Enquirer: 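Take a look at the following structure, please.
Just so it is clear, the structure is predicted and the values come from calculations on it, not from any experiment.
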Amino acid sequence: MKKLNKSIKGKLGVVLGVAAGVAVALVPELAFAQAKSIGQVAMTASDSINGVQVMIQGACYMAGVALAGGSMFKFKAHKDNPQQTPLSTPIVMLAVAAGLLYLPSLMSSAGQSLWGGTQSSTRVSYEYSSYAS
């Protein structure tokens, strides 16, 4: 395997440093945890991830609406010139938009199915009964 040149090594170091800094900034409780058990670490992690979950849900809604609007323009483009824009393009865009709009409501039911406990769309609250102290 060829050795990485200095510029790639420098860029890789910067990327890894930024990733580590972002991880510590987003989840400081895990970086400086004083937990006594794995269950407490899991509860701390689930408390820290709530903001990320809300951000992902918002991004899903925005991307879904944008794709739905884009698919309407593609339907118009297909009507104007069917040879240029195939019909599958707007149909696939509309299907992906529907999936993105449905994904946030799917998160709570999927979390409840996988781990049990109670979930809401704005806060993750899993009940780790086997790890309770």
Side-chain angles (χ1 to χ4, degrees):
M1 184 175 195
K2 293 182 179 180
K3 290 185 178 181
L4 296 174
N5 63 27
K6 289 182 182 180
S7 66
I8 292 176
K9 283 183 182 178
K11 290 177 184 176
L12 184 62
V14 169
V15 168
L16 290 176
V18 168
V22 168
V24 169
L26 289 177
V27 191
E29 292 88 1
L30 291 178
F32 307 108
Q34 298 292 328
K36 297 177 184 175
S37 69
I38 294 176
Q40 288 176 343
V41 172
M43 290 301 292
T44 303
S46 70
D47 288 341
S48 300
I49 292 177
N50 292 325
V52 176
Q53 178 189 6
V54 171
M55 182 182 67
I56 290 172
Q57 288 177 346
C60 285
Y61 282 129
M62 288 174 35
V65 169
L67 275 173
S71 71
M72 296 303 133
F73 285 112
K74 288 291 184 178
F75 273 120
K76 173 75 168 101
H78 173 74
K79 181 182 176 271
D80 291 344
N81 190 357
Q83 300 297 326
Q84 185 74 24
T85 306
L87 185 60
S88 62
T89 302
I91 291 174
V92 168
M93 287 176 69
L94 195 59
V96 171
L100 284 172
L101 289 171
Y102 181 67
L103 185 65
S105 63
L106 181 67
M107 282 184 183
S108 61
S109 61
Q112 188 172 6
S113 297
L114 291 174
W115 292 287
T118 58
Q119 289 80 28
S120 67
S121 61
T122 58
R123 180 162 171 78
V124 179
S125 58
Y126 302 116
E127 296 173 3
Y128 296 102
S129 59
S130 60
Y131 295 123
S133 54

Enquirer: Specify the closest pair of heavy atoms between Y102 and S105, including all atoms of both residues, with the distance to one decimal.
Expert: O-OG, 2.8 Å

Enquirer: Quick check for you: to the nearest 0.5 Å, what is the distance between K74 atom NZ and T89 atom OG1?
Expert: 6.5 Å

Enquirer: Same cluster or not: L67 versus V92, using hydrophobic residues (I, L, V, M, F, W, Y) connected whenever any side-chain heavy atoms lie under 4.5 Å apart?
Expert: yes

Enquirer: Can you see which heavy atom on A97 is nearest to which on A68, and at what distance?
Expert: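 Nearest pair, atom of A97 first, then A68: CB-N, 3.6 Å.
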
Enquirer: Just how far is it from atom CG of L87 to atom NZ of K79, taken to the nearest 0.5 Å?
Expert: 13.5 Å

Enquirer: Check whether any side-chain heavy atom of L94 sits under 4.5 Å from a side-chain heavy atom of M72, and report yes or no.
Expert: yes

Enquirer: Walk me through whether L103 and Y61 qualify under side-chain contact (heavy atoms from CB on, under 4.5 Å).
Expert: CA-CA 9 Å; L103 185 65; Y61 282 129; over 6 Å; no

Enquirer: Would you give the length of the straight line joining atom CD of Q57 to atom CE of M62, rounded to the nearest 0.5 angstrom?
Expert: 13.5 Å

